[in-house]
Q: 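Here it is: the structure, laid out below.
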Amino acid sequence: MAMVPRRQVIGAWLLLAGFCSLWLGVAWDGQWHVDVGPDTFFTAPHLMFYFGTALIGLTSLVVVLTSREPAGSSVRVLGFHAPMAFLVGGLGAAGHLTYGMVDLWWHTIYGFDLLESTPSHLSLQIAMQVQAIAVIMAFAALRETRSGLWGLAAAGAFSVASSSILLDGSVMGVRLNLLGAGALAAWTLCVIAGITRSAWWVGALGLVYIAVHAATYFFPPVATSLYAEGIGQPIRDNALGIPMVALAMPLLFPVLAFLAAGVVRIARRRDVSPVVTMAVVGAAVGFVAALSVFIIEGSEGGFLVNTVLATVLGAVAGRFGWQSAALMRHSARQAVTA
């Protein structure tokens with residue numbers, strides 16, 4: 001594979017840094033609402049995650065505006081050859097900032113949110129997931145280097161983390177958060193397997209996820225306490241200091257990643273069809289996600305329907321993850337030296 005243009009290498013790492021700031025800022029913001037409450041558009045948690053998405057947006061814009069020659073998977077836009085990963089990342093960031101203004105309007109009109117599933121929050125969550133996928137796409141082109149593979153594993157870990165807050169609530173007894181998180185976790189596992197073609201890096205995804213989970217667990221409560229003290233804002237009397245966003249993240253994902261690595265290794269040795277393998281891995285992820293949710297939160301109803309839907313959707317997402325990886329690998333082969 002030819003060398004990836006240097007601007008895209010640097011850009012990929014800036015996208016990852018931006019998403020790290022975005023994710024931890026979102027986790028901090030959630031903690032602030034639970035333990036303190038009052039905020040404005042310009043409180044530190046908001047500034048942290050908007051800085052992250054602004055970094056993603058500006059990086060994507062610079063890479064697009066400096067790409068006048070085709071390199072990898074590019075789309076011709078206004079005379080520029082926009083690399084697909086940075087076009088997706090830029091659109092996701094633009095959407096996130098736009099919906100941020102809508103969120104400001106929503107809070108100005110209605111005050112505090114009573115539910116997480118407000119129109120502005122749902123749009124912000126979707127835009128954040130688009131950016132997470134863009135980071136994976138950017139590092140798919142860097143898979144020939146060890147640092148690029150670690151970056152890919154980190155991008156996948158953040159994608160799984162952010163999927164845990166993608167949707168909220170239920171429709172006719174179907175838990176949307178379960179289906180969304182399970183499908184995206186299955187897709188991410190299988191896309192990493194498809195990009196790297198290595199059981200080891202599937203397991204590495206689980207290792208990096210542990211680090212992301214630890215950061216999400218420890219950072220928000222500490223940052224909330226220090227920031228509240230710094231601006232003279234009292235902590236609520238009933239505040240527990242429990243990292244709420246970290247608890248929403250799938251606790252068993254590292255185990256699933258290690259098991260998926262074993263399945264990939266066995267499938268490669270026995271020459272099992274990768275499409276079948278990824279569908280099985282995805283179905284297992286969906287099934288375990290449903291089972292763990294009902295064990296932790298209780299089976300108030302709809303256990304069978306939700307489990308079947310999560311399993312089937314996981315299988316579809318797993319197969320789609322393999323197909324997505326094939327497209328990313330194909331587009332990366334077309335890269336040219338800058």
Q: Holding to side chain to side chain contact (heavy atoms under 4.5 Å, CB included), I want the full list of residues that pass it with A181, two or more places apart in sequence or in another chain.
A: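 Applying side chain to side chain contact (heavy atoms under 4.5 Å, CB included) to A181 gives S163.
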
Q: Hydrophobic clusters here meaning ILVMFWY residues chained together by side-chain heavy-atom distances under 4.5 Å, can you tell me if V285 and L259 are in one?
A: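 Not linked; separate clusters.
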
Q: Does L58 have any side chain to side chain contact (heavy atoms under 4.5 Å, CB included) partners at least two apart in sequence or in another chain, and if so, which?
A: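 Here no residue qualifies.
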
Q: Can you list everything that forms a side chain to side chain contact (heavy atoms under 4.5 Å, CB included) with V280? Sequence neighbours excluded, please.
A: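 Partners of V280 under the side chain to side chain contact (heavy atoms under 4.5 Å, CB included) test: V276.
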
Q: Among residues at least two apart in sequence or on other chains, which ones pass side chain to side chain donor-acceptor pair (under 3.5 Å) with S60?
A: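 With neighbours one apart ignored, the set is empty.
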
Q: Who clusters with V275? Use side-chain heavy atoms, under 4.5 angstrom, across I, L, V, M, F, W and Y, and order the result by chain and number.
A: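 Reading the cluster by chain and number, V275 sits alongside V264, M278, W322.
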
Q: List, by chain and then residue number, the residues other than L14 in its hydrophobic cluster (Ile/Leu/Val/Met/Phe/Trp/Tyr, side-chain heavy atoms under 4.5 Å); write none if there are no others.
A: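 Besides L14, the hydrophobic cluster comprises I10, listed by chain and residue number.
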
Q: Just how far is it from atom CH2 of W13 to atom CD of Q8, taken to the nearest 0.5 Å?
A: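 Separation between the atoms: 15.0 Å.
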
Q: Y227: what forms a ring-ring contact (aromatic ring centres under 6.0 Å, His included) with it, not counting sequence neighbours?
A: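 ring-ring contact (aromatic ring centres under 6.0 Å, His included) check on Y227 returns W28, W32.
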
Q: Enumerate donor-acceptor pairs with a distance under 3.5 Å from any side-chain N or O in residues 200-222 to protein atoms, sequence neighbours excluded.
A:
| from | atom 1 | to | atom 2 | distance (Å) |
| --- | --- | --- | --- | --- |
| Y209 | OH | P250 | O | 2.9 |
| H213 | NE2 | A246 | O | 2.8 |
| T216 | OG1 | W23 | NE1 | 2.9 |
| T216 | OG1 | V212 | O | 2.7 |

Q: Classify the ring geometry between Y50 and H96 as parallel (under 30°), tilted (30 to 60°) or perpendicular (over 60°).
A: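 Geometry flag for H96 against Y50: perpendicular rings.
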
Q: What residues join L251 in its hydrophobic cluster, counting side-chain heavy atom gaps under 4.5 Å, either direct or through other members?
A: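 Answer for L251: none, a lone residue.
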
Q: What residues, two or more places apart in sequence or in another chain, satisfy side chain to side chain donor-acceptor pair (under 3.5 Å) together with T307?
A: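 Here no residue qualifies.
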
Q: Please give the remaining members of the hydrophobic cluster of I266, linking ILVMFWY side chains under 4.5 Å, ordered by chain and number.
A: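 Same cluster as I266: nobody, lone residue.
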
Q: Do Q129 and S162 have side-chain atoms, one donor and one acceptor, less than 3.5 Å apart?
A: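 Side chains of Q129 and S162: pair found under 3.5 Å.
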
Q: Side chain to side chain donor-acceptor pair (under 3.5 Å) with T59: which residues, sequence neighbours excluded?
A: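 Scan of T59 (side chain to side chain donor-acceptor pair (under 3.5 Å), adjacent residues dropped) gives none.
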
